[in-house]
Amino acid sequence: MRDLVAGIRYLGKGQRWVAQHGRWWGFGLIPALIALVLYAGVLIALALWSGDIAAWATPFADGWGEPWQGLLRGVFVALLFAGGLTLSVLTFTAVTLLIGDPFYESLSRAVEESEGHCPPDPDRPLWQEIGIALRDSVHVLLRAAGFGILLFVLGFVPFLGQTVIPAIGFCVSGFFLAVELTSVAMQRREVPVRERLRLLRGRKGLAVGFGTPVVLLFLIPFVAVVLMPGAVAGATLLVRDLVPDGSEPSAPDEGEAAAGPDPAAPYGRTAAGAPYGQHGAGAPYGQHGAAAPGRPGAQGGFGPAPAPFPPSQGQPQAPRYPHPPSGPGSSAGRPPAGW
């Protein structure tokens, strides 16, 4: 639920950003207006020909009497037009992004620069960028079409097809729309499309919370054109939090700095000079340089340290194993008593 609310907030942040930067809002309207004209023509044609398409797709109902024939074909027309609208919502974003790739690249870059850091653009020509965007859009749309066909079939199930399935359909459309909208900022970070899908699947609530309101608002005529620049800006802000760009390497903490490997030290030794596996300077392996509980002076859990060898203190020390005296009366060469 928290991710769901966060996704909605990103959409609001994007709209607020373009409202505060009116020049960029007007700049982002141009490709959306071009796409709107194209899609309006396609949907009008679908509405005019939907009855003929329904009759062609259901020839088995030609001999049915009323009201069953009209009911079946009426449901078919409604589902066909609903599917066309859903597909239009999904493809509208993809086509608009393709038409306006230079526009939305500039808009997304301006959003990132206003937030403090913008990753450098990939060193590729424009035609290659458009080709990558087209390939990625086809990949996403094929996946969305698979879900769309399944939901279309499930739409014929009584009760569920008229209540639960449409709600699921809007959530699925919202997820894939979020994938499309985040593609501009993701491509700048050179994140491949499969990785984008994996990242957003891991945060489904975030993607659905961001994309589903856009789907619902895009169903209102002309709203898609007005909201498209803010949707791209909000998707850019979402990507900034979802995919760290790695521009600022995190500093190691004190423990890592003390025990981390020193490039000048021998292999396996730390900067403090302790051998591999030691946690304190000069501590044997497995010992941490602290007294074990209940055992004063003990290091680690391996018992007390061995006593040092006693110093000579300047006095000559007798050999530990003296040679037997030689000469008359000595016992040299004899075995010891009791041998």
Side-chain angles (χ1 to χ4, degrees), residues 2-4 6-11 13-14 28 31 86-87 89-112 115 117-124 126 128-148 168-215 218 227-247:
R2 184 179 302 174
D3 270 356
L4 197 68
I8 298 172
R9 285 178 179 169
Y10 278 117
L11 179 60
K13 288 179 181 178
T86 302
L87 189 62
V89 170
L90 291 174
T91 57
F92 178 85
T93 303
V95 171
T96 304
L97 290 174
L98 286 175
I99 294 173
D101 187 74
F103 296 84
Y104 294 129
E105 279 286 346
S106 300
L107 172 61
S108 177
R109 189 184 307 111
V111 173
E112 300 223 48
E115 293 297 312
H117 174 74
C118 179
D121 292 330
D123 188 15
R124 288 191 293 260
L126 178 61
Q128 191 174 1
E129 288 285 338
I130 295 175
I132 293 173
L134 178 60
R135 182 195 64 197
D136 293 349
S137 295
V138 170
H139 181 88
V140 173
L141 289 174
L142 287 176
R143 287 174 174 261
F147 282 97
I168 296 175
F170 280 121
C171 292
V172 171
S173 300
F175 174 83
F176 285 108
L177 186 59
V179 175
E180 285 288 348
L181 287 169
T182 55
S183 64
V184 177
M186 292 280 197
Q187 284 177 7
R188 182 178 298 110
R189 290 162 173 78
E190 299 192 77
V191 180
V193 64
R194 294 181 186 276
E195 182 66 13
R196 293 176 218 162
L197 288 166
R198 187 192 67 79
L199 285 170
L200 290 172
R201 276 200 305 268
R203 302 285 299 276
K204 289 187 183 73
L206 187 66
V208 172
F210 178 80
T212 303
V214 181
V215 171
F218 277 16
L227 295 184
M228 189 65 186
V232 173
T236 302
L237 295 172
L238 186 151
V239 170
R240 285 178 63 85
D241 291 344
L242 184 66
V243 185
D245 55 29
S247 60

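Heavy-atom basis, side chains included; hydrogens, waters and symmetry copies ignored.
A 4.5 Å side-chain heavy-atom check between M228 and L107 finds every atom pair outside the cut-off. For the pair S183/L97, a side-chain contact is recorded, criterion being any heavy-atom separation below 4.5 Å from C-beta on.
How far CD of E115 is from CG of D241: 9.0 Å, rounded to the nearest 0.5 Å. One distance of note links OG of S106 with CG of D101; it measures 9.0 Å at 0.5 Å rounding. One distance of note links CG of L242 with OH of Y10; it measures 8.0 Å at 0.5 Å rounding. In this structure, L141 CG and E180 CD are separated by 5.5 Å, a value rounded to the nearest 0.5 Å.
Considering all non-hydrogen atoms of both residues, V111 and A233 come closest at CG2-CB, 3.8 Å. Considering all non-hydrogen atoms of both residues, T96 and F92 come closest at OG1-O, 2.5 Å. Among all heavy-atom pairs drawn from G100 and P31, the shortest one is CA-CB, 3.5 Å. The minimum heavy-atom distance between L177 and V214, with the atom names listed, is CD2-CG1, 3.4 Å. Pairing each heavy atom of C171 with each of T212, the nearest pair is CA-OG1, 3.7 Å. Nearest heavy-atom pair across F210 and A231 is CZ-O, 3.4 Å.
Shown here are the side chain to side chain contact (heavy atoms under 4.5 Å, CB included) partners of A185, two or more places apart in sequence or in another chain: S108, E112, R188, R189, T236, V239. Under the ring pair (Phe, Tyr, Trp, His ring centres under 6.0 Å) criterion, F170 pairs with no residue at all, not counting sequence neighbours. In this structure, the side chain to side chain contact (heavy atoms under 4.5 Å, CB included) partners of I8, at least two apart in sequence or on a different chain, are P213. With sequence neighbours left out, R143 forms a side chain to side chain contact (heavy atoms under 4.5 Å, CB included) with H139, F176, R194, L197, R201. For E195, the side chain to side chain contact (heavy atoms under 4.5 Å, CB included) criterion is met by V191, P192, R198, L199, not counting sequence neighbours. Residues satisfying the side chain to side chain donor-acceptor pair (under 3.5 Å) criterion with D136, sequence neighbours excluded, are R196.
Listed for the Y104 side chain is a donor-acceptor partner under 3.5 Å among the backbone atoms of G28. Using a distance-only test at 3.5 Å, with no hydrogens or angles considered, a donor-acceptor pair links the side chain of T182 to the main chain of V179.
Of the listed residues (L4, L238, L200), just one forms a side chain to side chain contact (heavy atoms under 4.5 Å, CB included) with L206, and that residue is L238.
Around CZ of R109, the count of heavy atoms belonging to other residues, nucleotides or ligands within 6.0 Å exceeds 12.
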